[in-house]
Amino acid sequence: MIRLLLQGDCWLILPVILPLLGALLSFLLKKQPRLPGVLGALVTFFASAALAWKLVSHGGGRYYLGGWQPPLGISLRADGPAVLMVLMTAVTGLAVSVYAGGYFQSRINKRGEEQRHLAQERSFWPLWLLLWAALNGMFLSADIFNMYVTLELVALSSVGLTALSGKPASQVAAMRYLLVSLLGSLSFLLGVAFLYKVHGSLDLLAIGAALSLAPAVVMAMVLISVGLMLKTALFPFHFWLPPAHANALAPVSAILSGLVINGAWYLFFRFWQGVLPLVGEGAATLLAVLGGVAIVWGAYQAFCQQRLKMLVAYSTVAQIGYLFIIFPLMEMGPEQGAAAVFYFVISHSCAKAAMFLAAGTLFLQVGHDRISDLDGVRQVLPKTTFAFALGGLSLMGLPPTGGFIAKYMYLSQAVSQERWWLVAVIVAGSCLAAVYICRAVAHILSPRLVAVAGPVVVAASMEWSALALALVAMLLGFVGPLVLHLIEVAG
Amino acid sequence: MIWHDWLLVMILLSSLGPGLIIFSLAESSRASRTTLNIFGAVTKMVLVLVMILGIYRGHSFAVHFTILPGLELVLRADPLSALFVTLSSILWLFTTLYAIAYLEDSPNRSHFFGYFSLCVTVTIGIALAGNLLTFLFFFEMLTLSTYPLVVHRGTAEAMAAGKVYLVYTLAGGILLFIGVVWLHAMAGPVDFSRPGLLTPLVAGHGTTLKIIFYLLLAGVGVKAALFPLHGWLPRAMVAPAPVSALLHAVAVVKAGAFGIIRIVLDVYGLDTARTLGLLLPLMLLSSITIMYGSVRALSQDNLKRRLAFSTVSQVSYIALGISIGSPLAIMGGMVHLVHQGLMKITLFFCAGNIAETLGIHDISRMNGVGRRLPVTMAAFTLAAMGMIGLPPMAGFVSKWYLGLGALAQGQGWIVWVLVLSSLLNGAYFLPILYGAWFKEQEGEWPADSGTVGSLESHWMLIVPPVITAVVSLLVGLLANSSLSPLAWVRFIVRTGYGL
Amino acid sequence: MMSHIVLNEQLQLLLLSLVPGLPLVMSCALLVKPLQGIGMRLAPWSALPALGAALLLDPGINLEVTWFFMGGRMGVDLLGQRFLLLAALVWMLSAFFGRSYLRSDPRRTSFFFFYLISMAFNFGLILAQDMLGFYLFFGLMSFSAYGLIVHTQSREARQAGKIYIVLVMVGEVLLFSGMLLMASRLPDLELTTIAATSPECVSLILLFLGFAIKAGALPMHVWLPLAHPVAPVPASAVLSGVMIKAGLLGWLRFLPVGPEMAQSGWGTIFVVMGILAAFYGVLIGLMQQEAKTVLAYSSISQMGIMTMLVGCGLLSPAFWPQVNNAVSIYALHHGLAKAALFLGVGLVVAEGGRRSVSWMMGLLLLPSLALAGLPFSSGAIAKFTVKEVVHGLPMPWSEALGLFMPLSALATMLLLCHFLKIVNGAFPRKTSISTGMLRPLLVLLAAVGGLLWFWPQLPTYAEHGADRDLLWQGLWPVLLGWGIMVVFWTWWPAGIKSSTVPAGDLLWLVYNPHDKRDGLFGKIDTQEGKGEKGIFRRIGMWMDVLEAGRGLEKKLMRWGVVGGCYLMLCLYLIFVILKI
Amino acid sequence: MIFSPGHVYGLTGLLLFIVGLAGLILCAQLLRKILAVNIMASGVFLFLVTIAHGNGVLIDPVPHAMVLTGIVVSVSSTAVALALAGRVQDMAHCRDLLKKKARGEG
């Protein structure tokens with residue numbers, strides 16, 4: 001068995017199977033869902049790390065589930081970007097899991113509604129681990145129909161998680177989220193159908209190799225693109241995101257903003273990576289324009305928000321824009337462009353998750369998240385506020401954070417290709433991010449002594465996990481060569 | 001030898017480590033916080049001393065760290081960085097001592113000293129930066145580590161000032177960022193040890209190089225408070241006195257000025273900058289700043305505000321010296337980096353004493369302070385005289401070399417700028433001295449916290465300004481000795497730039 | 001000066017460094033409470049090394065101090081020796097005088113602190129043998145003297161101090177820029193190098209004006225009549241007797257002498273300015289009603305003569321050594337006499353009594369007549385040396401200046417008669433005379449009367465001193481002046497009204513020195529609110545824009561809009577991909 | 001161009017997709033939206049089945065597998081949607097009741 005593990009490429013399946021097992025266990029152990037949940041997260045983390053190590057040392061690989069070959073069998077494929085995403089999910093996911101343990105414990109301890117919180121936790125762990133499994137499946141998927149399935153799995157479990165808080169606003173948001181993602185995934189599926197009609201294959205690489213501009217293919221590309229844009233919440237399809245992300249439970253917000261968005265975007269990127277040489281400048285420019293508008297509009301809306309979590313959610317809308325402005329830059333330098341955008345994704349994931357976790361901690365401690373009334377909270381929760389600020393720094397793209405490196409790569413691409421309007425967009429995005437983040441941070445870190453709710457009610461693990469994630473975001477400012485090395489590993 | 005390479009990192013860690021520990025200390029653990037602070041400061045000074053000896057003996061210190069392929073963080077100690085490092089680490093020690101006494105009973109001290117250490121770490125990083133990227137890296141971090149200090153009081157005014165500070169410095173940071181990236185895209189990694197890097201590009205990309213220069217200049221110019229970009233500095237004086245001292249003398253403004261030196265001398269190189277015609281605009285700009293700051297200082301009644309405008313004016317001497325570009329002028333500018341630091345920190349310490357001990361913030365209420373706080377005012381007087389540029393104070397030495405350098409370069413009008421600036425400095429400093437020494441006290445002091453034994457105030461509030469004042473006298477009085485900053489600057493200009 | 005005691009070089013250097021060093025150390029002692037008593041007692045003696053150096057050191061000895069300031073040299077040359085002698089004597093005796101004079105002043109420690117540091121810097125400036133050293137001590141002395149002027153803290157003192165400090169500041173920067181311009185053309189900053197350099201117009205103007213402020217040359221003299229009367233008597237004595245000579249010394253040290261200078265108009269300017277000042281000082285002085293103000297104007301007038309002398313030297317470079325000689329002798333004479341007069345006034349005003357009027361008037365008469373050039377007084381010797389220079393000048397000048405000399409003596413006599421009358425009418429009603437004050441005055445008088453007789457140049461005068469012509473030349477202005485004043489007093493016993501021209505004359509044209517405001521530049525903003533209000537208004541406008549944005553975001557949330565976007569985007573993508 | 005049955009099925013599938021899309025966008029009620037999504041899904045499945053038919057000679061099994069999986073996914077998502085819609089409905093009902101109550105008292 002062990003020899004099998006070491007030899008074969010079944011490492012690939014572990015990041016999908018293990019969280020699924022965890023989900024099952026935590027679903028079955030209704031009394032103690034947390035233990036299998038956290039354990040599952042831990043094991044998945046190690047499995048993902050092992051996969052990454054294996055990839056770096058032995059190169060990428062393929063795995064056919066149960067030995068079934070395509071087209072009917074499910075095949076998994078590991079290359080640099082996929083494993084990087086798996087690894088990112090593992091890091092963020094582990095931190096979120098640790099956080100969630102403390103979060104639910106604190107909530108259960110805190111108020112009278114013990115049963116409701118217990119029930120929430122019981123649903124949380126299976127849903128979350130299922131989501132994790134689906135995400136990993138999506139990243140490692142080699143064929144596009146599996147992508148659809150995992151996309152749906154991700155969507156369904158996220159909707160479940162969103163609705164978990166039980167607040168009216170979250171129900172409405174979850175409903176809208178569900179409808180939008182159904183629209184998106186059905187568009188995707190129709191696109192897949194078109195592709196299959198033309199190519200008779202579901203393998204992404206095979207399709208990419210034989211791509212032409214036949215009408216059916218164009219139709220497929222359009223449907224897939226728009227469907228995934230919907231799911232990625234690119235402007236103008238961002239409308240469902242802020243309410244869903246802001247009204248969910250704290251760990252859920254982090255998961256949604258830090259991981260789920262990236263999942264849909266990853267598929268989009270994978271498709272366009274192949275398509276880009278074909279379609280020419282116009283489409284890429286369109287994407288970049290939408291991205292640019294998203295950056296400005298999201299930042300602007302974030303600045304208008306009165307609530308901390310809404311602010312962070314809108315900041316996600318803005319940051320999504322960065323994921324799309326890379327496309328024009330990739331025409332001239334595909335490798336550098338990919339490196340930049342993946343760097344951006346991972347640092348954004350860690351930073352954003354840290355910020356949402358921190359915001360959740362503040363919410364739990366203070367009882368609200370009105371920005372203007374958060375003065376002096378630093379004295380109660382120094383680590384959490386620091387984590388929030390650090391995450392903010394990464395979003396602003398200031399050193400020493402991963403965000404800085406990513407912005408640096410973006411800018412140097414834009415400058416060396418002399419796309420000045422993109423330079424302007426990137427810079428404006430940084431400035432605007434600085435504006436809205438500083439607005440929040442100025443209150444949170446304010447030295448004013450305001451009596452914010454007395455004793456600390458949040459668990460230590462909540463504070464530490466957010467801080468750890470923020471520190472990872474910072475650390476990403478220093479491990480550039482490692483990350484880039486990982487990205488460059490071919491499939 | 002391995003310790004060579006780690007020395008620079010250790011210099012950074014000597015303040016970073018204590019800073020991080022202090023963050024986690026409880027508010028009440030005063031003794032351990034003080035011990036850590038002083039331990040860090042002293043360790044740093046010892047390490048810096050080792051470094052300087054090394055440099056003097058011709059060792060080279062450098063640490064490379066790759067953050068991306070082709071992008072390196074480089075820490076390198078050259079004579080110029082040694083100058084700035086020494087200044088910062090010495091003044092940091094005094095500022096820390098001063099701050100310990102100044103903030104004796106105020107809240108949030110752990111927080112304060114944590115950021116304080118962070119701030120000096122970053123400043124040292126700026127000083128030791130071996131390439132433009134590293135410089136940018138630390139330069140941006142400086143903004144972030146100083147902001148909490150600026151708003152430390154938490155009042156509405158402080159928050160507003162903090163906002164202005166952030167807006168200015170972040171915007172400047174972005175411009176610098178663009179400039180750095182652009183330059184990197186054109187010329188590859190810009191290492192400070194290879195000044196001729198841009199020369200081959202002059203022919204083909206002259207205009208681009210010019211634009212990049214102005215971007216970089218705007219970026220560092222914000223922190224150096226060059227004329228249209230100076231708006232944050234007078235507002236930031238709402239911060240506690242040690243912070244003002246730090247901002248004006250050790251870290252922020254100095255980092256900006258240091259950046260100008262680096263950009264002109266090490267990135268572009270004098271010849272390239274001259275060929276591109278970049279020096280004259282800088283010269284004009286700094287001259288205007290010198291005048292403007294002084295004129296504005298005249299009409300300020302708040303002591304710290306007046307000092308802030310004075311900084312606006314004085315720091316531009318550094319840029320002026322560099323932009324003139326003759327060896328003597330560069331010496332004058334560089335040495336003013338040290339001189340201005342010493343004098344201005346003294347002034348802010350004294351202003352802090354006056355505010356802390358007597359509750360006086362306005363110059364119009366300072367009549368007769370000289371008799372209540374003779375030692376403080378004596379230090380203030382020395383520093384103010386130096387600012388005016390009277391011999392034998394430090395300020396004179398800088399001015400003299402600036403003037404000589406300007407004349408050597410055929411820029412005689414600079415002399416009139418210096419003259420006018422001296423007059424204006426006299427016009428806003430002398431009335432303060434006069435009121436404090438020769439006028440009678442009017443009414444009670446607003447909040448006299450009383451004498452401490454036979455001393456006029458807490459000893460830790462008195463000793464730092466006295467020492468810095470005496471040092472600022474000595475560096476002028478003994479300017480020609482081989483241990484003075486002037487001698488070191490001469491060494492820099494000769495060995496570092498071969499001028 | 002012939003040194004009878006021969007010191008070895010080490011001792012000489014030690015003495016040299018003690019000259020400015022000892023007063024500085026003493027002044028520091030005054031700052032420390034426990035040492036104040038001793039410090040006050042020993043303060044006057046700290047000028048002793050200077051006196052010793054003036055008398056004992058070999059001219060030409062140098063102390064090289066490379067580490068000090070910008071690197072410099074201290075030393076004694078012939079010119080410096082005479083100035084040092086003057087400075088040492090006046091500072092020391094005035095200090096003795098002051099110790100008694102300020103006996104009951106509670107702030108005398110502060111006075112002596114400023115007194116000692118001014119003294120130290122004054123010595124330093126005389127000893128300095130390089131440009132920056134001179135400038136350094138010059139500036140320091142000027143600023144420390146401020147403490148002496150405003151010592152009484154009266155409103156007049158403050159006003160005078162204000163004028164003084166402004167002019168000092170201006171002088172500082174004038175000198176700074178002048179020296180800078182000069183230094184940029186020099187290989188090193190030694191005084192000897194400077195003398196050999198060729199003149200450059202701008203730097204000459206700057207240096208001329210910079211030193212003119214200190215020397216009280218027209219029209220920069222305005223601070224003198226304001227500052228001298230308000231300072232305590234010993235301070236006035238050193239200000240008028242010694243410190244204004246620093247400006248003169250500056251000219252002598254920094255003006256390049258040579259044929260080029262002779263051809264430029266500089267000599268003429270100096271001569272004309274000197275002559276003007278000599279008469280102008282007297283004219284305005286005659287209208288003053290306060291003794292010390294009159295003395296201040298007399299100083300202006302006397303400095304005019306010295307200015308004229310410098311001009312002579314510039315006119316004919318060959319005469320420069322003689323001019324140096326004459327100027328230093330004249331300066332020595334005037335310094336001693338003027339200090340004696342000031343101290344005398346102090347003695348009379350502070351301690352005088354009816355009974356002793358006559359002999360105390362006698363004390364004042366001697367230096368007065370010496371200033372007017374009474375034969376066999378120091379004045380006579382000084383004027384004799386001056387005349388020797390004047391005679392040697394080329395034709396038009398020797399004629400004109402030959403005419404000028406007796407006229408100026410007459411004018412001086414008129415002014416001093418006026419002075420004596422004022423003093424005579426101003427005796428208060430006290431009886432005791434403090435020997436502490438009397439003794440230094442007597443020593444000073446002895447110096448005025450006798451010191452110059454021991455001068456090496458004396459033989460020339462001694463040869464001719466008893467000549468009828470010379471005697472008569474010295475005597476007639478004195479007698480005539482006396483006569484004119486007697487006539488004048490008989491006809492107009494009330495004198496000229498004091499309000500005709502107030503002290504500070506020309507200054508009134510541009511500035512009212514009795515202005516009550518203390519600030520130099522009028523009003524000071526206590527708050528700057530305007531700019532910030534503007535910012536707030538702009539923020540308000542932003543808020544409106546933000547509201548509009550929120551409305552738009554709500555519209556974007558509608559399903560219809562989303563569907564529209566979906567379709568549009570699909571279509572657009574198709575177009576773009578197919579590159580239609 | 002001659003319409004084969006395959007074309008008819010395919011176009012019908014697409015038409016269904018568009019009808020569903022229109023319903024999703026234009027209908028205000030949640031239940032109708034959910035139904036619209038189901039119609040869209042049916043359209044897609046029909047389209048897939050058409051593909052499987054291909055040129056009518058060889059039946060491709062892969063699209064069938066896809067349709068089967070798709071139906072499973074669709075069923076579960078409909079279930080989730082219905083459950084959520086019920087909750088939303090309940091809440092809206094509660095809110096209305098509360099509003100009415102408040103109005104009545106006011």
Side-chain angles (χ1 to χ4, degrees), chain B residues 160 164 231 234-235 296 298-302 305-306 328 362-364 367 374 378 385 388-392 396-397 399-408 412 415-416 418-423 425-428 430-431 434-435 437-440 454 476-484 486, chain C residues 31 33 65-72 107 110 132-140 142-143 146-147 149-151 153 157-158 161-162 165-166 168-170 172-185 202-203 206 518-528 531-532 535-536:
Chain B
V164 174
R235 284 195 181 84
R296 285 297 299 277
L298 278 178
S299 62
Q300 308 300 327
D301 190 41
N302 185 306
R305 220 177 142 80
R306 187 176 286 194
L328 287 174
D362 292 339
I363 292 161
S364 49
N367 293 349
M385 293 290 192
I388 299 171
L390 298 176
F396 171 78
V397 180
K399 244 176 36 179
W400 180 256
Y401 277 95
L402 280 177
L404 279 185
L407 288 170
V415 176
W416 307 121
L418 297 176
V419 162
L420 215 55
S421 164
S422 284
L423 277 180
N425 270 281
Y428 63 77
L430 291 178
Y434 168 71
W437 288 116
F438 296 107
K439 277 194 186 172
E440 291 296 325
S454 61
L477 202 59
L478 308 180
N480 220 37
S481 71
S482 55
L483 287 176
S484 72
L486 187 69
Chain C
L31 291 178
K33 272 247 162 59
V65 246
T66 47
W67 47 267
F68 177 74
F69 197 41
M70 319 274 268
R107 295 179 50 248
S110 135
L132 285 178
F134 189 91
Y135 174 55
L136 162 71
F137 287 116
F138 190 87
L140 285 174
S142 305
F143 276 98
Y146 178 74
I149 292 173
V150 297
H151 174 76
Q153 301 201 327
R158 281 188 208 167
K162 193 201 291 181
I165 204 79
V166 167
V168 163
M169 244 344 268
V170 173
E172 264 311 278
V173 297
L174 287 173
L175 288 182
F176 171 75
S177 41
M179 292 192 177
L180 204 55
L181 288 172
M182 194 175 249
S184 69
R185 298 160 56 243
V202 181
S203 74
L206 291 167
D518 278 328
L520 265 177
F521 294 91
K523 256 198 193 159
I524 283 179
D525 293 359
T526 39
Q527 63 223 26
E528 300 196 346
E532 319 220 316
I535 288 172
F536 282 126

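Just so it is clear, the model here is predicted, and its values are computed rather than measured. As a basis for the values below, the full set of heavy atoms in this structure was taken, side chains included, without hydrogen atoms, waters or symmetry mates. A, B, ... follow the sequence lines: proteins, then strands. Residue 1 opens every chain.
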Cut-off 4.5 Å, heavy atoms of chain B, and the answer for Leu175(C) is neither
Ile388(B) versus chain C, heavy atoms under 4.5 Å apart: side chain, backbone, both or neither? side chain
Looking at Gly476(B), Ala408(B), Ser422(B), Gly405(B), which one has more heavy-atom pairs under 4.5 Å with chain C than the rest? Gly476(B)
Between chain C and each of Ser482(B), Pro374(B), Ala378(B), Pro392(B), count heavy-atom pairs under 4.5 Å; write down the option with the most. Pro392(B)
Chain C shares the most heavy-atom pairs under 4.5 Å, among Leu328(B), Leu404(B), Val415(B), with Leu404(B)
Partner set under side-chain hydrogen bond (donor to acceptor under 3.5 Å, both in side chains) for Ser177(C), not counting sequence neighbours: none
With sequence neighbours left out, the residues meeting side-chain hydrogen bond (donor to acceptor under 3.5 Å, both in side chains) with Ser184(C) are none
Closest heavy-atom contact between Trp400(B) and Ala183(C)? CZ2-CB, 3.6 Å
Checking Leu478(B) against Leu483(B) for the side chain to side chain contact (heavy atoms under 4.5 Å, CB included) test, could you report, in this order, the C-alpha distance in whole Å, the side-chain angles of both residues, the deciding distance, and whether it holds? CA-CA 8 Å; Leu478(B) 308 180; Leu483(B) 287 176; over 6 Å; no
Full working for side chain to side chain contact (heavy atoms under 4.5 Å, CB included) between Gln300(B) and Tyr428(B): CA-CA 9 Å; Gln300(B) 308 300 327; Tyr428(B) 63 77; over 6 Å; no
Pro391(B) versus Leu140(C), closest heavy-atom pair with distance: O-CD2, 3.6 Å
Leu420(B), Leu407(B), Leu486(B), Val397(B): which one forms the most heavy-atom pairs within less than 4.5 Å of chain C? Leu407(B)
Residue selection (most heavy-atom pairs with chain B, distance under 4.5 Å) from Phe143(C), Phe137(C), Phe138(C): Phe143(C)
Looking only at Val150(C), Val202(C), Leu31(C), Val173(C), most heavy-atom pairs under 4.5 Å shared with chain B are made by Val173(C)
Choice from Val419(B), Leu418(B), Leu477(B) maximising heavy atom contacts with chain C below 4.5 Å: Leu477(B)
Check for me whether Lys162(C) meets the cation-pi criterion with Tyr434(B), that is, NZ or CZ under 6.0 Å from the six-membered ring centre and within 45 degrees of the ring axis. no
